[in-house]
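One structure is given below, encoded as structure tokens.
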Amino acid sequence: MIRAIITDIEGTLSGVAFTQQVLLPHAVQHLPDFVRTHSQVPEIKRLLADIRAYAGGGLDDTALIQRMVAWMAADQKITPLKALQGLIWEEGYRRGDFQGHIYPDAVACLRQWHAQGISLHIFSSGSVRAQESFLAHSEAGDLRPLFSDNFDTRIGGKTHVAAYKLLAERIGHAPDDILFLCDDGRELDAAANAGLHTTLVQRHGEVDDTGPHPVVTDFYQIRLMP
Ligand SMILES: CSCCC(=O)C(=O)COP(=O)(O)O
Ligand SMILES: [Mg+2]
């Protein structure tokens, strides 16, 4: 029986276009100013040091910013870079520059599952801070009360089986009681190999249901009984 649901954000709860056309361009535009004005804030100083080390060291601020812009343009999921993006987006959400895009079918089902007593969790490459501001400023209002826990790639890579085993431990349910919803087959494979139930959320394109995961095109089609 499914007692907990873990969901991805981009491509699952929210359109890929929102990340590609709103969030990433916003981060690219505001990154240079953000780094200049916050580089002595301890949290940001640490993140910049981690990103510089990831780049192999030896980059001054200007070169590092250029490298980060290139990584963002390629939507690279580098943990400290995602954390930095999350902080830039937080300011954008607060200013009202944009709201988090979320599919209405996802909102309706999340509300229903929450009312049924199923615990809801997020596992996304977006940092926990980015997830929280996305939920707080979503087009459907503040959705944070629906979720018990949020996790990002500090717990492990999304294609790594160990990350899902740890997630199950952290949320306190057996893997067999958990359903993972995601738009990425490799991430679902890792979750299935950890013993979780899985469903591929394929919002666009031809539905390919020849793979190992049940496929849906919206949340209304999700079946909780295997
Ligand atoms: C609210 S997180 C913004 C989207 C993002 O930056 C991201 O990396 C989402 O990746 P996901 O793992 O949710 O597909
Ligand atoms: Mg995704």
Side-chain angles (χ1 to χ4, degrees), residues 5-31 34 47 51 54 68-69 71-94 97-103 106-107 110 120-144 146-147 149-160 163-164 167 179-192 196 198-205 211 213 215-219 222:
I5 294 175
I6 303 175
T7 179
D8 167 74
I9 294 183
E10 182 189 329
T12 304
L13 290 185
S14 175
V16 173
F18 174 61
T19 306
Q20 301 285 339
Q21 293 169 21
V22 178
L23 289 180
L24 291 175
H26 177 93
V28 167
Q29 184 191 341
H30 292 273
L31 179 71
F34 189 87
L47 286 175
I51 297 167
Y54 182 89
M68 289 192 282
V69 165
W71 280 332
M72 286 188 199
D75 197 10
Q76 290 278 305
K77 314 280 192 185
I78 299 162
T79 302
L81 181 67
K82 298 303 292 182
L84 190 67
Q85 282 175 350
L87 298 174
I88 298 172
W89 294 332
E90 200 169 73
E91 293 190 350
Y93 283 112
R94 283 223 190 93
D97 291 350
F98 44 77
Q99 289 184 306
H101 169 262
I102 185 158
Y103 292 104
V107 177
L110 291 168
L120 302 177
H121 312 264
I122 283 183
F123 184 29
S124 170
S125 301
S127 69
V128 166
R129 289 277 285 272
Q131 298 170 25
E132 280 169 353
S133 37
F134 165 79
L135 292 172
H137 300 275
S138 92
E139 288 169 354
D142 185 356
L143 299 175
R144 287 174 299 177
L146 296 179
F147 290 89
D149 270 315
N150 295 18
F151 300 93
D152 58 29
T153 49
R154 287 174 300 178
I155 201 166
K158 290 186 80 189
T159 56
H160 295 175
Y164 297 88
L167 274 175
L179 172 64
F180 179 52
L181 307 174
C182 189
D183 65 323
D184 184 308
R186 289 186 319 137
E187 296 173 13
L188 289 165
D189 290 346
L196 279 69
T198 53
T199 295
L200 174 64
V201 181
Q202 204 181 323
R203 296 266 178 194
H204 299 289
H213 312 287
V215 184
V216 298
T217 57
D218 68 42
F219 273 41
I222 293 168

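Because only heavy atoms are used, hydrogens play no part in the values below, and waters and symmetry mates are left out as well, while side chains stay in. Ligands are counted one by one from 1 in listed order, and the atoms in each one are counted from 1 as well. These numbers were taken from a predicted model, which means no experiment stands behind them.
Using cut-offs of 30° and 60° on the angle between ring planes, the pair Phe98 and Phe18 is perpendicular. Ring geometry, Phe123 versus Phe180: the interplanar angle falls from 30° to 60°, so the pair is classed tilted.
Here the rule is side-chain contact (heavy atoms from CB on, under 4.5 Å) with Lys82, and of Gln76, Arg129, Lys77, Met72 only Lys77 fits it. The side chain to side chain donor-acceptor pair (under 3.5 Å) test with Lys158 is passed by exactly one of Asp8, Thr153, Asp152, Asp184: Asp8.
Asp184 lies apart from the Mg ion (ligand 2) in this respect, since none of its N, O or S atoms is found at a distance under 2.8 Å. Not a single N/O/S atom of Glu187, whether from backbone or side chain, sits less than 2.8 Å from the Mg ion (ligand 2).
Within a 6.0 Å radius of CZ in Phe34, other residues, nucleotides and ligands contribute more than 12 heavy atoms.
Looking only at its N/O/S atoms, Asp183 has OD1 as the one nearest to the Mg ion (ligand 2). Distances from the Mg ion (ligand 2) to the N/O/S atoms of Glu10 are shortest for O. Shortest distance from the Mg ion (ligand 2) to Asp8 is reached at OD2 (N/O/S atoms only).
Considering CG of Leu181 and CD1 of Ile222, their distance stands at 4.5 Å, rounded to 0.5 Å. Considering CD1 of Ile6 and CZ of Phe151, their distance stands at 7.0 Å, rounded to 0.5 Å.
Protein residues having a heavy atom under 4.0 Å from any atom of ligand 1 are Asp8, Ile9, Glu10, Thr19, Leu23, Lys77, Lys82, Trp89, Ser124, Ser125, Gly126, Ala130, Phe134, Lys158, listed by chain and number.
Scored by the side-chain hydrogen bond (donor to acceptor under 3.5 Å, both in side chains) test, Ser14 finds no partners at all (sequence neighbours excluded).
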